[in-house]
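Before any comments, here is the structure.
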Amino acid sequence: QVRLVESGGGSVQSGGSLRLSCAASGYTYGRPCMAWFRQAPGKEREGVASIAADGSTDYADSVKGRFAISRDNAKNTVYLQMDSLTPADTAMYYCAARPLGGISICHGRALVTFGEWGQGTQVTVSS
């Protein structure tokens, strides 16, 4: 059974940084597409960053240049480094994975294409 566990959320002031981690376990297939999503109160869940099996990355325009997604394959862990945080980044952040499909599907970050989800970690940015 696939399990994703996020950690690293917290409260920071505007301009600060956080690094989220997502530890994955239970995979019986190859390296999956991994992504980070976020959901603010009253808003839809949105994809912010993704990393495909080939290591390519993609970002939502709202976080481009500030967030960086990476993976440590030996640890089966994906990270989201978040810099220059603003109150608009306040949300619950979720890690998600999909096992198959090409790079374009991975970086499309459509919610329905991701079958495994973590429980989320809260990020709060104060002004």
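- In terms of hydrophobic clustering, with Ile, Leu, Val, Met, Phe, Trp and Tyr side chains grouped at heavy-atom distances under 4.5 Å, V12 and L80 are assigned to a common cluster.
- When R71, E116, R98 are each tested for a side chain to side chain contact (heavy atoms under 4.5 Å, CB included) with P32, only one passes: R71.
- Atom OG of residue S25 and atom CG of residue L4 lie 7.5 Å apart, to the nearest 0.5 angstrom.
- Using modelled atom types, no side-chain atom of T124 and backbone atom of S11 make a donor-acceptor pair closer than 3.5 Å.
- M82 and L20 get closest at one heavy-atom pair: CE-CG, 3.8 Å.
- Taking CD of Q119 as the start and CD of E6 as the end, the distance is 4.5 Å to the nearest 0.5 Å.
- Here the shortest heavy-atom pairing between A68 and Y59 reads CA-OH, 3.3 Å.
- Listed here is the closest heavy atom pair of A52 and I103: CB-CG1, 4.2 Å.
- In this structure, R38 pairs ionically with E46, as a charged nitrogen and a carboxylate oxygen lie closer than 4.0 Å.
- Both the sub-6.0 Å distance and the 45° axial angle are satisfied by R45 relative to the ring of W117.
- What you find for A91 and Q122 is that their closest heavy atoms are O-NE2, 3.4 Å.
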Could you give me the CA-CA distance, side-chain angles and deciding distance for Q13 and V125, then say whether side-chain contact (heavy atoms from CB on, under 4.5 Å) is met?
CA-CA 5 Å; Q13 291 190 328; V125 185; over 6 Å; no
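- For the atom pair CG (L85) and OG (S14), the distance works out to 8.0 Å, reported to the nearest 0.5 Å.
- With rounding to the nearest 0.5 angstrom, the CG atom of N76 is 13.5 Å from the CZ atom of R3.
- Neither Y79 nor V123 shares a network with the other; the hydrophobic side chains, linked directly or stepwise wherever heavy atoms of I, L, V, M, F, W or Y lie under 4.5 Å apart, form separate groups for each.
- With sequence neighbours excluded, no residue satisfies ring-ring contact (aromatic ring centres under 6.0 Å, His included) with Y94.
- Pairing each heavy atom of R66 with each of D89, the nearest pair is NH1-OD2, 2.8 Å.
- K75 NZ: 12 or fewer foreign heavy atoms inside a 6.0 Å radius.
- Expressed to the nearest 0.5 Å, how far OG of S70 lies from CD of Q81 amounts to 8.0 Å.
- D58 contributes atom CG, which lies 11.0 Å from atom CD1 of I51 (distance to the nearest 0.5 angstrom).
- The aromatic rings of F114 and F37 sit perpendicular to each other, their planes meeting at more than 60°, with 30° as the lower class boundary.
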Could you go step by step and tell me if M34 and S50 meet the side-chain contact (heavy atoms from CB on, under 4.5 Å) rule?
CA-CA 6 Å; M34 303 290 293; S50 48; over 6 Å; no
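- In this structure, a donor-acceptor pair under 3.5 Å is absent between the side chains of D72 and T77.
- Remark: side-chain polar atoms of R109 are not paired, donor with acceptor, to backbone N or O of I105 under 3.5 angstrom.
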